[in-house]
Each structure stands twice: as structure tokens, then as C-alpha cells.
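To start, the structure under review is shown below, and the notes come after it.
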Amino acid sequence: MPQSQETRKDLSFTMSLRAFVSQQVVTPQGVRPAALLVESQQIQEVVAPDKIPTRAEVQDFGELAMLPGLIDSHAHINEPGRTDWEGFATATRAAAAGGYTLLVDMPLNCLPPTTNVAALEAKRYAARGQCHVDWMAWGGVVADNPTDIEPLAKAGVPGFKCFLVHPGIDGFTMVTEPQLRAALPHVARTGLPLLVHSELPGPIEAATKNLAGADWTLYNTYLQSRPEEAELSAIHLLLSLCREYKFRLHIVHLSAASALPELRAARAEGLPITVETCPHYLHLDAETISDGATLFKCAPPIRSRTNCDLLWQALRDRTVDLVATDHSPCPPEMKRLAEGNFQTAWGGIASLSLALPLMHAEASKRGFTLTDIARWMAEGPATLAGCQERKGQLAAGYDADFVVFDPVAEFVVSTDRLFYRHPVSPYLGEKLRGLVKATYLRGTLVFNGEFPGVPMGQEFHKL
Ligand SMILES: [Zn+2]
């Protein structure tokens, strides 16, 4: 096939050019037959299949889809310090199996929490040599570290995370409004986003008081203990602080759809906000969670089917920008499975290895395409984490991170497909549509049912 003179000249110096071809390449412009020309770990060009240079080594995936490597901007890796819960090796293995090529680690559950530069350095040391995908780490904003915020930014965190309510674990403190106000000028100066767990304690405490003597093995008791009002009041406060301090605000794991009108109004007003929700809020509903089924406990809680439908509408009208997993595993005994007590069980759902099939199964039923999934699960999180110029798209100049995905294959979720440390999941036994066949990190195969090669994941740094 003829090639343009320009293509011939640009590629003439290389001997290691590879072409990855598919009839369904998911680009920002839509799904089309294309070839990624890859060299030196990067996509040099995306061309039509009949424009592949003759000297390229070709790998043809046929009808299997190629999506950009997914980016999870909300993962709890828990290392160092709680590696018996999860760790870099196991979380990044689950990530590679799920089509993820970059994780951004939350600053809590690990010990020390990532609330100063020394803790960030400890995390970097812990991660060395064991990651199957690339990673970054959010810094923490806690009750007493405003002077650590700008040093953490200089040291390379892409943004910060804080809690307006007790995070359910010691070692990472929530912030009160005065403490948040002390931190916000520092956050605003960095220009980086502040990710906020948006529930206020007041409505939760009031609701819990009213539940004295209630049966905590009932899902409905747990649901009533975390009312939508906790999210609404937190988001209302945050939007007013965003107006006042002009920082980039990101609402993590939105569950309460009743907050959407105020978020839409804030967007219309031009406030610098972004919003995330999670696969469990989009795939599950309170009506079908059995009593005692503490595997489904997370905070904020999974709400009604109507609420779920409204979250999907918000993805459609782009009030919700992105989907992150909030992968938050723990040892199985902490889920209190025997007693089924929603009050004492750990809140968190691990889903790195399943998020893409979960989202695909649900999104395709609702008329969305793989382009939408790439926007929610690659491009959106890349923009939040500030790596959008090298990660999150299949386009020239981007890292050759991609996932080979069979959109029609079905499988039943079993423990041998989870790959994180403890094979515990609310999705076990569920039949899903859409299978990750292979994951490539910077041009190298890192998952094909197994994990070939040595772990080559690195911390992502801007050039
Ligand atoms: Zn989380």
C-alpha cells in the first residue's frame, strides 16, 4: 500500500516499529478500524489499517476492541503499612487484569498516610519493582497539615484528598470546616484539585441516633444511617467554599442523585468542579441487596434503583465526569460475613479487575458506547490527575497503554478472576458481558490471562 512521504520519513530511522490493529479502535473521535503505530513506548501515529508501514511488526486483534488503558483515579492500595489488606503487587495485578494501566492511590489506609513528603517518599520506596501498571499518589489534607500541602505538590502529587466525615479508620483525620478553611488557600495556590469525601457528620449522627435499637443486619438500617442529606449538605458547603477560595473541587463517589441539581447549577455558574461516581452505584441497587450481605457495604451507600437511573442520566448530560472504582479491599474477616452486621463491617468494595465488564454490561444496555466508557474511565480521570497529555487516549504522542477487549464474550465472576489480595467480592457468581483479553503498558504486554514479564509499572511523572 502506498504511504505518504511524510510517514515514510518519520518512521525511517526505526527498526522496532510495531503496529497494533483492530476493527474497533476507540479514539476520541469515535470507534473505527485503525492501527496504532508504536515505538519507544509511545503511540507515534494512529493510521488506517491500509497505511501500516511495511517494515512494522503487525499484531492484528481483528474484531476485538482496543480501548485506551483505563485510569483509576480512586484506588486504595494500602501499602506501606496495611499490605495484609492490599498492596502494590496485588492491586496493580488486579488493575492489569481489569484493563487499567494507571492507578492513583488514595492517601489513607496506608501507614503512614500520605500527608507529608516523607510519607510520599516511603510510598515510592515501597512501590519499587512490584507494580504491574503505572501509578501516582494523591496527597492527604488532614486536620493539622496545611504547611505540608505545597511541599507535597512540589514533590509531585497530582492533587489532594480530604474527608468531611470520619474515614472509618485511624491514622487519617477528617477536617472540620475551620480546618478546611485553613488548608484551602494552600490548595488553591497549587492549582491542583482537592478530592473530597462529601458527607457531613451531622445528618449521619442524627439518623444513627434515631436508629437506636435497630437491627443492623438489615441493609435498610445501614441505608437510613447514611441519609442523602449528609451528601447534600457537604456538597452545598463545598460549593460555597469553592466560590470563596477558587480551588478545583472534585466530588468523589457521588451516590445521592438529589445533589445533581445543585451540581448542575454550579457548573452553569462556571465553578471549577468535577464529579465522579463508581460502578457499584451504577450497577447495583438497594432493592436487591440482601439483609446481612455486608459485601455490599460502602460509604456513601448504594441507594435505590431510581437513584441509580438518575446517576446514569447525569453521565449522559455530563454532570458526572468520570467513573472510578473506589477499590477498597480489606481482609475478609473485617466484612463480618458470619454475623452480617452492617454497623461493624468494613465499608469498601474492591472492583479493579471487574469495573470494565461491569460498566460495559450496564452502559451498553442503556445505549452508551465504548467511546463513552473511554471518556469516563480513561480520559476523565487522566484530566483530573493532570496526566491527560500522555495518558487516557489512543492518539499520537500518548503512551502506548491500551486494553484489548471482547465486548460480546460472557463470563461468570469467579475468585480466580479477581487477582487482588483477598478474593472477596459482591459480584461473585454474576454473569457479565465483556472480557479483558490483554492489557499493554507502554507497548508491553502486561496481562493476557497471566502476567508475563517482570513488573514494569512506574510512578507517572510529568516530563
Ligand atoms: Zn475511597
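Keep in mind the model is a prediction, meaning the values are calculated, not measured.
Heavy-atom neighbours of Arg318 CZ from other residues, nucleotides or ligands within 6.0 Å: at or below the threshold of 12. With a 6.0 Å radius and a threshold of 12 heavy atoms from other residues, nucleotides or ligands, Asp416 has its CG atom above the threshold.
Cation-pi geometry between Arg303 and Tyr281 is not met: the NZ or CZ atom fails to fall both under 6.0 Å from the ring centre and inside 45° of the normal.
In this structure, Asp317 pairs ionically with Arg264, as a charged nitrogen and a carboxylate oxygen lie closer than 4.0 Å. Between Lys123 and Glu459 no salt bridge is recorded (no basic side-chain N to carboxylate O distance below 4.0 Å). The pair Lys391-Asp401 meets the salt-bridge criterion, with a side-chain N (NZ, NE, NH1 or NH2) lying under 4.0 Å from an Asp/Glu carboxylate O. Glu410 and Lys431 are joined by a salt bridge, as a carboxylate oxygen and a charged side-chain nitrogen come within less than 4.0 angstrom of each other. The pair Arg366-Glu362 meets the salt-bridge criterion, since a charged nitrogen lies less than 4.0 angstrom from a carboxylate oxygen. Taking 4.0 Å as the cut-off between side-chain N and carboxylate O, Arg267 and Asp321 count as a salt-bridged pair. In this structure, Lys154 does not pair ionically with Glu150, as no charged nitrogen and carboxylate oxygen lie closer than 4.0 Å.
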Test Gln388 against Gln393 for side-chain hydrogen bond (donor to acceptor under 3.5 Å, both in side chains), laying out the working first. CA-CA 8 Å; Gln388 73 278 12; Gln393 286 186 38; over 6 Å; no

Stepwise side-chain hydrogen bond (donor to acceptor under 3.5 Å, both in side chains) check, Glu86 with His327: CA-CA 10 Å; Glu86 184 63 299; His327 177 85; 2.7 Å; yes

Are His250 and Thr274 close enough, and set up right, to give a side-chain hydrogen bond (donor to acceptor under 3.5 Å, both in side chains), and what steps lead you there? CA-CA 5 Å; His250 178 75; Thr274 46; 2.7 Å; yes

Stepwise, does the side-chain hydrogen bond (donor to acceptor under 3.5 Å, both in side chains) test hold for Glu231 with His236? CA-CA 9 Å; Glu231 286 188 76; His236 185 74; over 6 Å; no

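Rounding to the nearest 0.5 angstrom, the gap separating the OG1 atom in Thr439 from the CZ atom in Phe451 is 8.5 Å. Atom OG of Ser73 sits about 5.0 Å away from atom CG of Leu322, to the nearest 0.5 Å. Distance check: Trp138 CH2 to Met106 CE gives 7.0 Å after rounding to the nearest 0.5 Å.
One side chain, Thr176 or Gln179, offers a donor N or O that lies under 3.5 Å from an acceptor on the other. No side-chain donor-acceptor contact under 3.5 Å links Asn145 and Thr115. Between Asp215 and Thr217, the side chains place a donor N or O and an acceptor N or O closer than 3.5 Å (distance only, hydrogens not considered). For the residue pair Asp309/Thr306, the side-chain donor-acceptor check at 3.5 Å is not satisfied.
Between Leu282 and Cys308, the shortest heavy-atom distance links the atoms O-SG, 3.4 Å. Minimum interatomic distance between Ser353 and Tyr420 (heavy atoms only, all atoms of both residues): OG-CE2, 3.7 Å. Looking at every heavy atom in both residues, His132 comes nearest to Ala89 through CD2-O, 3.6 Å.
Taking the ring centroids of Phe342 and Tyr219, they lie under the 6.0 Å cut-off. Side-chain rings of Trp135 and Phe88 approach one another, their centers coming within less than 6.0 Å. Checked against a 6.0 Å centroid threshold, the rings of Phe447 and Tyr440 do not count as neighbours. In summary, the aromatic rings of His360 and Phe405 are positioned with their centroids under 6.0 Å apart. In this structure, the ring of His253 has its center less than 6.0 angstrom from the ring center of His74.
Taking the six-membered ring where tryptophan is involved, the planes of His197 and Phe163 are essentially parallel, since the angle between them stays under 30° and well short of 60°.
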